[in-house]
Amino acid sequence: MTVAYGIDVLPENDPYIAIAETAMHGMSEVTIPGAFLVEFIPLLKYIPAWMPGAGFKRKARMWRDYTTQVVEKPFAAVQQSLAKGEAMQPSFVSYCLESLESSAEDTYAQQRIIQDTAASLYEGDLTPRLSPLPPESIDRRFGHNKVQQKAQEEIDSILPPGHLPDFSDEQALPYLSAIVKEVLRAILHDETIYPNPDMFNPDRFMKDGKLNPEIRDPSVVFGFGRR
C-alpha cells in the first residue's frame, strides 16, 4: 500500500485489507473444481439471481463489487488527496498522476492504466500475506535468488540504467522470457514433457543461451476453448 498508494496499513481492522481479503477469498473459491452446480448444469446461468440454486450469482456479484473496490478505492483516495493539496507520502500513483499532462486527450485512458498497474502492485504484495501457505513455503517455491540475479544481470547487460524492458527487447532477453514461460509451466506437471515438474527451473526452456524451440510452449494452460 505504501509503495503503490502512499497509504499506511493499520495494524488491525484496516478497511483496505478487509476488502482485499474478501475479494481474494472469492477468487480462491471460484477456482475450486465443482464448487458450484452451474459447472455441471450450465443452463443455471440463465436463471434469476433470487431463485434457489442461483447462489453462485449472488456470490459472484458480491465478489465483483469487492474486486472493483480493491482497484478503485485506494486510487480514488490518492486522487482526492492530490486535488485537495494534502500532504501525503510519495507513491507510484501520486508520481504518475502528477506527471500526467492535463491537456492530453487520452488522460482517462492513462489514469486507467495507472490505476490497474497500482492494483497489480498492491495485490502482488498482499498475496503472500493473505495466503494460507506459510511464508517460508512460499519463499522456498518462489524466492529463487539465483534466478532473479541471473535475470537482473541479463536486463542490466541490455538496457541502460532506469529503463524498463518492452516488447522490442524480447529477442534480446531470452532468459527473462524463459522465466515467464516457467511461471506458466508451474501449472503443468506432465513429467514426460517437463522433467522434475516440482522444480522451478527456467533453464529448461534454454539451450546455448537462447530459447529452445523444441520445448513445448506452456501457453496451453489457457486452453483452446471459447472465451
Side-chain angles (χ1 to χ4, degrees), residues 3-4 20-21 23-40 42 56 60 63-64 67 70-71 113 116-159 163-227:
V3 173
E21 284 180 335
M24 295 187 74
H25 171 73
M27 293 173 63
S28 298
E29 188 166 337
V30 298
T31 57
I32 300 174
F36 301 100
L37 188 60
V38 69
E39 296 180 50
F40 305 100
F56 69 93
W63 291 331
R64 181 189 61 190
T67 301
V70 169
V71 177
I113 293 173
D116 292 343
T117 304
S120 297
L121 292 172
Y122 175 37
E123 292 166 5
D125 180 55
L126 279 175
T127 300
R129 300 187 188 197
L130 302 181
S131 172
L133 295 175
E136 61 272 16
S137 174
I138 296 176
D139 184 67
R140 281 198 301 269
R141 186 161 181 82
F142 299 106
H144 301 276
N145 294 331
K146 291 183 179 179
V147 171
Q148 296 178 34
Q149 182 179 355
K150 189 173 180 179
Q152 188 63 60
E153 290 174 353
E154 182 181 69
I155 292 173
D156 292 341
S157 69
I158 299 298
L159 302 178
H163 287 255
L164 295 175
D166 56 35
F167 287 112
S168 65
D169 302 305
E170 185 175 3
Q171 296 299 319
L173 300 170
Y175 190 70
L176 191 61
S177 296
I179 291 177
V180 174
K181 291 178 180 292
E182 180 66 352
V183 169
L184 292 176
R185 199 283 315 158
I187 304 174
L188 306 173
H189 286 75
D190 188 337
E191 293 186 5
T192 62
I193 300 174
Y194 304 109
N196 300 319
D198 291 327
M199 179 182 294
F200 187 85
N201 179 26
D203 283 299
R204 73 174 77 242
F205 293 98
M206 299 290 293
K207 184 178 181 180
D208 299 328
K210 299 179 181 179
L211 288 174
N212 185 355
E214 297 180 2
I215 304 300
R216 180 180 295 181
D217 194 311
S219 60
V220 294
V221 297
F222 295 112
F224 301 100
R226 295 184 300 171
R227 296 294 188 267

Task: Distance (rounded to the nearest 0.5 Å) between D203 CG and N201 CG - done: 5.0 Å
Open item on the list: Has R204 got a side-chain atom pairing as donor or acceptor with P197's backbone, closer than 3.5 angstrom?
Closed with: no
Open item on the list: To the closest 0.5 Å, what do you measure between CG (D116) and CG (L121)?
Closed with: 11.5 Å
Task: Within-4.5 Å side-chain heavy-atom neighbours: P202 and R185 - done: no
Task: Partner of P218 by side-chain contact (heavy atoms from CB on, under 4.5 Å), out of L188, V180, I187 - done: L188
Open item on the list: Can you see whether D156 engages Q152 through a side-chain donor-acceptor pair at a distance of less than 3.5 angstrom?
Closed with: yes
Task: Expected output: side-chain E154 to main-chain L176 donor-acceptor under 3.5 Å - done: yes
Task: Derivation and outcome, side chain to side chain contact (heavy atoms under 4.5 Å, CB included), residues M206 and N212 - done: CA-CA 5 Å; M206 299 290 293; N212 185 355; over 6 Å; no
Task: Point-to-point distance, once rounded to the nearest 0.5 Å, from CG of L164 to CG of L159 - done: 8.0 Å
Task: Minimal non-hydrogen separation, V71 against A119, with atom names - done: CG2-CB, 3.9 Å
Task: Inter-residue atom distance T67.OG1 - M24.CE, 0.5 Å rounding - done: 10.0 Å
Open item on the list: Is there a side chain to side chain contact (heavy atoms under 4.5 Å, CB included) between V147 and Y175? Walk through the geometry before answering.
Closed with: CA-CA 9 Å; V147 171; Y175 190 70; 3.7 Å; yes
Task: Minimal non-hydrogen separation, L173 against I158, with atom names - done: CD2-CG1, 3.8 Å
Task: From CA spacing to verdict: side chain to side chain contact (heavy atoms under 4.5 Å, CB included), K181, I215 - done: CA-CA 10 Å; K181 291 178 180 292; I215 304 300; over 6 Å; no
Open item on the list: Assess, by modelled atom type and distance only, whether the side chains of E21 and H25 contain a donor and an acceptor separated by less than 3.5 Å.
Closed with: no
- [ ] Please name the pair of heavy atoms, one in A4 and one in A118, separated by the smallest distance, quoted to 0.1 Å.
- [x] CB-O, 3.9 Å
- [ ] State plainly whether the residues E153 and K150 are in salt-bridge range, i.e. N to O under 4.0 Å.
- [x] no
TODO: Evaluate the ring planes of Y194 and F205, with Trp represented by its six-membered ring, and classify them as parallel (under 30°), tilted (30 to 60°) or perpendicular (over 60°).
DONE: tilted
